[in-house]
Amino acid sequence: MNLSILTAPGTPLPRLMLVLAALIWSNTALAELPIATRVLSNGLQLIVIPDQHAERLNLGIWYKVGAADEVDGKTGLAHYTEHLMFRSTATTEGGVANSSAALQADNNAYTSADRTVYTDNVTRAELAGVLAIESQRMRALVVPNGGDTELKVVQAERRWRYDTRPSALLRLQADAALFAGHVYARPAIGTPEDIARLTVQDSVDFHARWYAPNNAVIILGGAISPDEAFELLERAFSDLPAKAIPSRDWPTSEIHGSVGKEPLRVADPHRPGRSFAREFIGPSYGTGGPRSVFATKILLQALIDDANGELPRALEDRRRLVEQTVGHYEPAHLGPGDFSLTAYMRPGADLVSAEEALDFVLQQTISQGVPADLVEILKKRWIDRERYAEDDATATATEIGEFITSGGTLEQYHHRLEEIAAVTPADVAAVARQILGGPSILLEIRNSDVKG
Amino acid sequence: MNRLGLAFLGALLLWSGAVRAASPERVNSPGGITAWLMPDPTSPKIAVALAFRGGRAADPWDGIGLSDLALETLMQGVGDLDRRALLGRMADLTASVWVSAGVHWLSFDFTIVKERQRESIDLLHQMLAVPHPTDERIERASFNVMGDINGAVRDPAQLATLALRRAIAPDNPVLRAWLPIMAAVDHPSRARLEEWYRTRFAKDEVLIGVGGSITVAELGPMLDRLFAGMPDHGTARAVPELEPAIAGNPLVLVPRSEGETSIAALALGPIIGDPDYVAFAALNEVFGADVLNSRLGTQLRERRGLTYGISSELERNQLIVSGTVAHKDAAQAIATLREVWPEIGRDGITAAELATAKRRLRENFAPTRPANSLDAAEQMLFFQERGLDEHWNSAILSAIDALTADDVKRVAKRVLGPAPLAISLVGQPVGITPTCTIANPLIDRCK
């Protein structure tokens, strides 16, 4: 559920990085990029992040709709709709064209469980023209032709991303088991059977239901003044009508985690050697709020940090079973987040011993938490990274977009450094019990030539 | 200065800002080291981008991969600090290091905090000028590099490009450098690695770009501290570009059990510095750089829905197409590719295509303000790696402005057709008649 799906391959969005710079911790405070915001009368939220370093502007249209809003039997619809948005008709000075040709600019989009995001990298001179196109495709999805061909493209994407990669399919299977009962159990890209039956009309209806100014946030970062930006944005979007938006209250109480004792196993010809992973359910901005998310980030570092993490020390140094330990935590969700730990085996080492060694460290962490001095070291390094970070409007825009579309507020965003500083060892111990003590699933991946 | 460097547009696309606010300064240290500086006194950081001449391509035949191993070993420990202690120290200093063994250059990016400059530079000096490859560090590095290689040789897309390059010019040292057969990495000897450091890390082999919060007066002494004790002269050799020699229209098939077929195609064009380079870069934009709106994207994806992604990119003087299709669609995809290939050389491009290409080239070549200090440092290095002067940006902008549709057509005629087209396929494509079938592109090659 966490894999975002880009319209075009090979151009990932900037990685989530907390780029801030406010005070805390010392008096050598740096100025944070000033953030200006306004809400239009139709409910469209505008956020402008002026940054003189970024001459090219970064425009993001963040829709609060994603794969989690699909209904059974129509999985993949949010993503297909995102693809069709590039075939939607737009009128420009040059005539009528599809949006993709009309936009010209460096643009892309992605769909995840929680959101659908369209990005354009534009010059100041191009901005008004690009906003006019974005406004037209926010108003209506109009796809006179090519919808069937685009479905073939989406099917090719599913094939490329999952069906030709056994370990990627295994992750979908793991999500289905771990999040069973929740909408996150469904694959964001859709099942092959559902995708095959999607129609342009399905997408037109989906768009009509969800795409609206009051269900979107526009974030513009770069060398532009807020006044100028607001004027252009208002001109392009203020006459769009607000709509009644369906509820996005996905019950989390239904998660029953149909996780068996047996690991999920797969052989993948593209992956060298052997690895195993344990996946857990973690708090998110939506379910736990910033404090619990930050405590979880510290927990993850305490486990896998190359310099100080307990898992590298136990599995790589002391037992020499594992070559590398990595972790993944994605909190930018309205519903539950996910938290996973992956170990890449040393050739010839015993897999079961390594799994037991990992579980032993996790049990220890559940019962004893993370040492207070390690929590302090990890917090200090984190806050230092933020204090000394250079201005970066694009990274800030991504971070704010993910935060806001996960239920956070700008006010909370402004206070995130205080919130990091306030995390206590008790907070970390609490999320450790919650996450590591909760349901989890074990995955084993080996190269096809390696004996199971 | 030679004109070797990393993948050209790839490197350019890393830029998100650029060069108008300040102009670069050449700084000569008291110890005789030259760097190009683009200062930004408002930044809390200093960034240094270094490149030692002669990357993997300068490794000897019996030592392919030594470059990767040598750089990876540096990251396994510095002085008495083992890997974990080193990483902890860097985290405490808020310093970061990124290393990469490219085909032509060995690259380092350092970012440090101005306030912690002295301790940070001391650490980096030890890493770079006093390498300390213990057996344990070499073994760990060898594990890591072999892991990367084992991943690369299982990737059908990489295999397709490799098969193609070997089919065209099997003995070229640049292509050799792409071979992930790195016996030297698997049986590393400490003496050999020590010799590698002595001959490759030398003051006359390094180019330096600097950005961030440092002045001309401060930079000289900093450079002398960083390079103190490093040999003055190294022995890296320049490596020739690929010779344009594609014979016939090779269609290489690598039969493998895969979920779909990976396609690669390759043509050779002018290198940066050639008067036609800008037209070649524009040709790449129109032909295939944009997954959605290029000729390739339009014909294979938008009109036929044959693929999620097929696109072209420039890697120095190579125009490389890569993408994937279902096995059953491979014949149609190849037929379409062959149809699209000579079109631009025959019929030229439209005014709209020219305008879009120019726009994208300006975006790539004319960033105007560095986004951050590392960006500035990399730009400063970029000019030097290609033997260009500080005015190159404005020269290339004039060339982009002056570019005509006829220029693009002329270069397309030379590069895309009727010149031969080399194609390789990895998978189980249906309805294909290969000119040559090889089982393993790492070992076999077409006769």
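For a residue to count as touching a neighbouring chain, one of its non-hydrogen atoms must lie under 4.5 Å from one of that chain's; by this rule A:R165 does not touch chain B. With a 4.5 angstrom heavy-atom cutoff, B:D40 touches chain A only via side-chain atoms. Using a 4.5 Å cut-off between heavy atoms, B:E260 touches chain A through backbone and side chain atoms alike. Residue A:P312 touches chain B through both its backbone and its side chain, counting heavy-atom pairs closer than 4.5 Å. Contact annotation for A:A223: only side-chain heavy atoms (C-beta onward) come within less than 4.5 Å of a heavy atom of chain B. Contact annotation for B:N293: only side-chain heavy atoms (C-beta onward) come within less than 4.5 Å of a heavy atom of chain A. Contact of A:R87 with chain B is made through the side chain alone, with heavy-atom distances under 4.5 Å. Residue contact with chain B, scored on non-hydrogen atoms closer than 4.5 Å, is absent for A:D163.
With respect to chain A, the highest number of heavy-atom pairs below 4.5 Å among B:A91, B:G259, B:S257 belongs to B:A91. When each of B:R116, B:R256, B:K114 is checked for heavy-atom pairs under 4.5 Å with chain A, B:R116 comes out on top. Ranking A:A393, A:A101, A:G94 against chain B, the residue ahead of the rest is A:A101, based on heavy-atom pairs under 4.5 Å.
A 6.0 Å sphere centred on CG of A:D373 holds more than 12 heavy atoms belonging to other residues, nucleotides or ligands.
Across all non-hydrogen atoms, the minimal contact from B:D92 to A:R381 is OD1-NE, 2.8 Å. Across all their heavy atoms, A:V153 and B:G305 have their closest contact at CG2-CA, 3.8 Å. The two residues B:G147 and A:P272 have their closest heavy-atom pair at O-CG, 4.2 Å. The two residues A:R159 and B:L306 make their nearest non-hydrogen contact at NH2-O, 4.0 Å.
Using a 4.5 Å heavy-atom threshold, the side chains of A:T149 and B:R303 count as separate. For the pair B:P44/A:R387, no side-chain contact is recorded, criterion being any heavy-atom separation below 4.5 Å from C-beta on. Taking 4.5 Å as the limit, every side-chain heavy atom of A:Q155 sits out of range of all side-chain heavy atoms of B:Y308. B:R83 is listed as a side-chain neighbour of A:D306, based on a closest heavy-atom distance under 4.5 Å.
The CG atom of B:L87 sits 8.0 Å away from atom CG of A:D305, with the distance rounded to the nearest 0.5 Å. The NZ atom of A:K380 sits 7.0 Å away from the OG1 atom of B:T94 when rounded to the nearest 0.5 Å. Summarising the geometry, atom OG1 belonging to B:T42 is positioned 7.5 Å from atom CG belonging to A:D391; distances are rounded to the nearest 0.5 Å. Rounded to the nearest 0.5 Å, atoms CG (A:N98) and CG (B:L292) are 9.0 Å apart. Atom OG of B:S43 and atom OH of A:Y388 lie 12.0 Å apart (nearest 0.5 Å). Taking CZ of B:R154 as the start and CG of A:D268 as the end, the distance is 10.0 Å to the nearest 0.5 Å.
Between A:E126 and B:R359 there is a salt bridge, since a side-chain N of the basic residue sits under 4.0 Å from a carboxylate O of the acidic one. Taking 4.0 Å as the cut-off between side-chain N and carboxylate O, A:E316 and B:R84 count as a salt-bridged pair.
Between B:S373 and A:E390, the side chains place a donor N or O and an acceptor N or O closer than 3.5 Å (distance only, hydrogens not considered).
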Walk me through it: do A:E323 and B:R140 pass the test salt bridge (charged side-chain N to carboxylate O under 4.0 Å, His left out)? CA-CA 9 Å; A:E323 265 180 52; B:R140 168 103 201 176; over 6 Å; no
Please report the C-alpha distance between B:R301 and A:E150 in whole Å, then the side-chain angles of each, then the deciding distance to 0.1 Å, and finally whether the salt bridge (charged side-chain N to carboxylate O under 4.0 Å, His left out) criterion is met.
-> CA-CA 8 Å; B:R301 177 173 155 151; A:E150 199 57 41; 3.6 Å; yes
